[in-house]
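To find a chain, count down the sequence lines: A is the first, B the second, and so on, and within it residues start at 1.
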Amino acid sequence: MKKKLNSVLQDTFNALAITFPEIILELAKEESFGDLATPVAMSLSKILKKPPRKIAEDIINSISEKNIFEKIEIAGPGFINFTFSKAYLYSEIKALIKMGSSFLREDIGKNRRVQIEFVSANPTGPLHLGHGRGAAFGSALSNLLEAGGYDVECEYYINDAGRQVKLLGISVFARYNQLSGRDYSFPEEGYKGGYVDDIARAIIKNAGNKYSDCRFEDAEAFFIDFSYKMMLENIKKDLRDFGVAFNTWQSERELYQKSEVEHSIDELRRKGYIYEQDGAIWFKATEFGDDKDRVVIKKDGEYTYFAPDIAYHRKKIEKKFDELIDIWGADHHGYIPRIQAVIQAFGYPKESLRVLLVQMVSLLRGGKPVSMSKRAGEFVTLREVVDEVGADTTKFIFLTRRSDSHLEFDLEVAKAQSAENPVFYVQYANARINSIFSHAREQGIHIDKFEETDLGLLTTPEELRMIKKLLTYPMIFEGAVIAHEPHRITFYLQELAGMFHPYYHKHKVVTDDINLTKARLVLCEAVQIVLKDGLEILGLSAPAKM
RNA sequence: GCGCCUGUAGCUCAGUAGGAUAGAGCAACUGCCUUCUAAGCAGUGGGUCAGGGGUUCGAAUCCCUUCAGGCGCGCCA
C-alpha cells in the first residue's frame with residue numbers, strides 16, 4: 001500500500017520536475033483523513049515559495065494513476081489524504097494471501113550480515129529476570145532482522161575465565177567440604193545461592209571423596225571447570241525452555257588460549273595506542289573520546305576484564321559482519337565509549353558497532369521490591385518467573401515495552417494478569433480463526449481457489465477497516481526493522497486482534513450465503529497469516545486451540 | 001560533581017528520523033453466553049504529556065534550563 005503510493009508520488013514528482021529527498025507517508029490518524037497521508041506539500045512550501053494547499057493541488061492534478069484511489073483530498077494546512085479504492089484493497093488482500101510472508105516483509109537488510117550478541121550472563125549462577133528481558137528482546141530482534149532480509153548470527157559470550165568463575169569454584173569447593181562433613185569456612189565474597197550446593201552435591205556424586213584432602217589450589221581446575229560448565233548447561237536449558245536460541249557460543253577462555261588477547265594488545269601497541277604507566281599497561285581510550293585511558297594489564301601482571309573484551313571485539317570485526325550489535329544491561333552503559341574506542345583503534349568507524357541497552361528490571365512482589373543480589377543468593381530466577389507466570393506472558397511483558405524504558409515487573413500483577421494478559425488476546429484471535437475454519441469445513445464449505453472469491457462482498461465498515469489494517473503491516477514491519485524495535489509488532493498485533501474480536505462478535509463468518517461466507521473466510525485467512533507472522537517474529541506461540 | 005536512561009490517564013506502558021482533535025491494556029462502574037470458543041463483546045468516566053523558556057506554518061517529539069527517579073563513573077567483573 002505504502003510502496004504503491006510512494007511510487008505513484010515519485011512518478012508525479014518526476015512529472016512536475018520536483019526533486020525531494022524522501023516522501024514521507026504516514027498512517028491517517030482518523031478515518032476521515034483517508035488511509036495514508038503526506039505532509040509533503042507543507043515541507044515544499046518554503047522551497048517552492050508557494051502556499052502548501054496550492055502545491056498539494058498541483059500534485060494531485062498531476063497524479064496519473066488515479067484509478068487506485070477512491071478519493072484524494074487536501075486537508076488542514078496542506079495534508080494530502082489518500083483513500084484507496086475498494087477494488088485495489090481487495091486485490092492487495094489476495095496478493096497478501098498468495099505471497100504470504102514475502103508480501104508482509106520488506107527486504108531492508110538485502111542479505112547484509114549482522115551479528116547480535118546478547119544475554120552473555122556469567123556462568124556463575126542461573127539466569128535472572130534481567131537476563132530474560134535481554135533474551136526476549138535479543139531473540140525478537142534477531143527474528144525481526146532475519147525477517148527483514150538480514151543474515152543474522154546470534155552469539156553468546158561466555159565469561160569462563162577470570163575471577164568470577166574462580167570464585168564460583170571456590171564457593172563450590174567450600175560447600176563440597178562442608179557437605180562432606182568437614183569444618184571449612186565459606187569465602188566472604190562467595191556465591192551463596194542454593195545452586196552452589198547443587199553443584200557440590202553433583203561433584204560428590206561423581207567424584208566422591210576424591211578431593212577431600214585437597215587444598216583448593218590442587219583441585220582448582222577441576223572445581224572451576226565442573227562448576228561453570230554445570231551452570232552453563234543450566235543456562236542453556238533455561239534459554240531453550242524460554243524459546244531463545246543462539247548460533248554461536250564464544251568462550252572467553254578460548255581467547256586466552258589462542259593468544260588472541262595477547263595479539264590484540266600487540267596490535268594496538270603497534271598502532272601506538274598502548275603505553276605503560278605506574279607499572280600497568282594502558283589503552284589510550286581518550287584518543288577516541290572516552291573519558292579516561294583504560295588499564296589492560298594490571299600492576300600485578302593480570303589482565304583486566306577489559307583485555308579479553310578487546311580481543312573479543314577484534315574477533316567480531318574480523319568476521320566481517322556488516323553490522324555488529326551488542327545488547328547490554330543498562331548498568332554497563334559506561335562501558336560503551338571504551339569499546340567503541342577499541343573499534344576505532346582497530347581502524348573501524350564507531351558506528352560499525354551498535355550497542356543497544358536493555359534497561360533494568362525492578363522485580364516486585366505485591367508492590368515490594370525483591371532483592372536481586374546474586375552474591376547473596378537472594379534472587380528470583382528467570383525459571384521461577386516463567387514457571388509462575390508462563391513463558392509467553394513473560395516475553396509479552398518484555399516485548400510491549402521499548403527496550404530502553406525502565407520496567408517494573410510485579411510478580412503478583414503478572415500472575416493476576418496472566419489470565420487476562422494481552423498475549424492471550426492476540427493468540428485467541430488466531431485460535432478463533434482456526435475454529436471458524438473447522439466449523440466451515442464441517443459445513444462442507446471449501447475454498448478451492450481463493451483468487452476466484454468475490455471479495456467485493458466485504459463491505460461492512462469493520463471489514464474494510466480490518467483490510468486496511470492488514471495492508472499497513474508492511475509499514476509497521478519496515479519501521480520496526482529500521483528502528484530495531486520489535487515492540488512495534490507487539491502493539492500492532494494487539495490492534496489487529498482488537499479489530500478481529502469485535503468483528504467476530506458482530507458478524508458471522510459462516511452463514512447461508514455461500515459467497516459471502518467464502519469472502520469472509522478469505523479475510524480470516526489473511527488476518528491469520530498476519531497474526532502468525534507477527535507472533536513468530538516475537539517468539540510467541542500461536543496455539544491452534546485455546 | 002560528571003555521564004547515560006526515564007518522567008504521558010489511578011496503575012503499567014505506546015506514541016520520539018516534528019504533523020491534523022494525545023492512545024491502549026489493567027483497575028472502576030453498567031450490560032451481553034439456546035447462534036463459528038465469554039481467554040470474548042458493547043458502553044461510561046478518566047490528562048497541566050514533570051515545570052519553565054526557546055526553535056517554526058506546526059512540538060509529547062528538537063534545543064536550553066530546573067525538578068524528580070533509576071543506573072553508571074576501579075589497576076572489580
| Between A:D58 and A:K50, is there a side-chain N and carboxylate O pair less than 4.0 Å apart? | yes
| query | Between A:R432 and B:A39, does any side-chain N or O lie under 4.0 Å from OP1 or OP2? | reply | no
| message | Using ring centroids (six-membered ring only for Trp), state whether A:F79 and A:F33 fall under 6.0 Å. | response | no
| said: Going by the glycosidic torsion and a 90 degree boundary from 0, is the base of B:C71 oriented syn or anti? | reply: anti
| query | Which part of the nucleic acid, if any, lies within reach of A:P502 when heavy atoms closer than 4.0 Å are counted: base, sugar-phosphate only, or nothing? | reply | sugar-phosphate
| request: With heavy atoms under 4.0 Å as the rule, sort A:D278 into base, sugar-phosphate or nothing. | output: base
| request: Using the P atom on both, measure B:G15 against B:A24 and round to a whole Å. | output: 15 Å
| Hey, does the side chain of A:K292 come within less than 4.0 Å of B:G74's phosphate (OP1/OP2), counting only N and O? | yes
| said: Base, sugar-phosphate or nothing for A:I336? Non-hydrogen atoms, less than 4.0 Å. | reply: nothing
| task | Measure from NZ or CZ of A:R432 to the centre of the six-membered ring of A:F500, then state whether that distance is under 6.0 Å and the direction lies within 45° of the axis. | result | no
| request: Round to the nearest Å and state the distance from A:L496 atom CG to B:G23 atom C1'. | output: 17 Å
| query | Do A:Y473 and A:Y492 have ring centroids that are under 6.0 Å from one another? | reply | yes
| query | Per the atom types in the model, does the base of B:G72 pair as donor or acceptor with the side chain of A:H332 at under 3.5 Å? | reply | no
| query | Starting at CG of A:D404 and ending at C1' of B:G15, how long is that distance when rounded to a whole Å? | reply | 14 Å
| field | C1'-based separation of B:U61 from B:U8 [nearest Å] | value | 12 Å
| NA contact type, A:F437, heavy-atom cut-off 4.0 Å: base, sugar-phosphate, or nothing? | nothing
| remark: Whole-Å distance, A:I108 CD1 to B:A17 P, equals 16 Å
| message | Could you identify the nucleotide paired to B:G58, looking across every strand shown and requiring Watson-Crick or G-U wobble geometry with both distances under 3.5 Å? | response | none
| Touch class at under 4.0 angstrom, heavy-atom based, for A:A431 against every strand present | base
| said: Could you check whether A:D225 pairs with A:R253 (Lys NZ or Arg NE/NH1/NH2 to Asp/Glu carboxylate O, under 4.0 Å)? | reply: yes
| message | Measuring only the P atom in each nucleotide, how far is B:A59 from B:C75? A whole number of Å is fine. | response | 48 Å
| note | A:E462 atom CD is separated from B:A42 atom P, nearest whole Å, by 10 Å
| remark: Taken to the nearest whole Å, CG/A:L364 to P/B:C13 is 10 Å
| query | Less than 5.5 Å between centroids and less than 30° between ring planes, does A:F79 satisfy that with B:A20? | reply | yes
| request: Determine: side-chain N/O of A:S405 to OP1/OP2 of B:A14, distance under 4.0 Å, yes or no. | output: yes
| field | Partner nucleotide of B:C4 by Watson-Crick or wobble geometry (both distances under 3.5 Å) | value | B:G70
| Contact class for A:D290 (heavy atom, under 4.0 Å): base, sugar-phosphate, or nothing? | nothing
| note | Of the candidates B:C41, B:C71, B:C13, the side chain of A:H505 sits closest to B:C41
| Would one find a side-chain N or O of A:H487 under 4.0 angstrom from OP1 or OP2 of B:G15? | yes
| message | So for A:D309 and B:A77, does any side-chain atom that can act as donor or acceptor lie under 3.5 Å from a complementary atom in the base? | response | no
| said: Between B:G58 and B:U21, how far apart are the two C1' atoms, rounded to whole Å? | reply: 14 Å
| task | May I ask you to evaluate whether A:K298 reaches the phosphate of B:C76, defined as a side-chain N or O under 4.0 Å from OP1 or OP2? | result | yes
| said: Suppose we define a pair by two distances each less than 3.5 Å, Watson-Crick or G-U wobble; what does B:A42 pair with here? | reply: B:U30
| message | Expressed as a whole number of angstroms, how long is the span from A:Q427:CD to B:G40:P? | response | 12 Å
| message | Using only modelled atom types and a 3.5 angstrom limit, is any donor from either the side chain of A:Q359 or the base of B:U6 paired with an acceptor on the other? | response | no
| task | Quick one: label A:A37 by what it contacts on the DNA or RNA (base, sugar-phosphate, nothing), any heavy atom closer than 4.0 Å. | result | base
| query | Using purine N1 to pyrimidine N3 plus N6-O4 or O6-N4 for Watson-Crick, or N1-O2 and O6-N3 for G-U wobble, each under 3.5 Å, what pairs with B:C36? | reply | none
| message | So A:E302, base contact, sugar-phosphate only, or nothing? Heavy-atom distance under 4.0 Å. | response | nothing
| Any A:Y425 side-chain nitrogen or oxygen under 4.0 Å from OP1 or OP2 of B:C41 | yes
| query | Do the side chain of A:H406 and the base of B:C5 come within less than 3.5 angstrom through a donor-acceptor pair of N or O atoms? | reply | yes
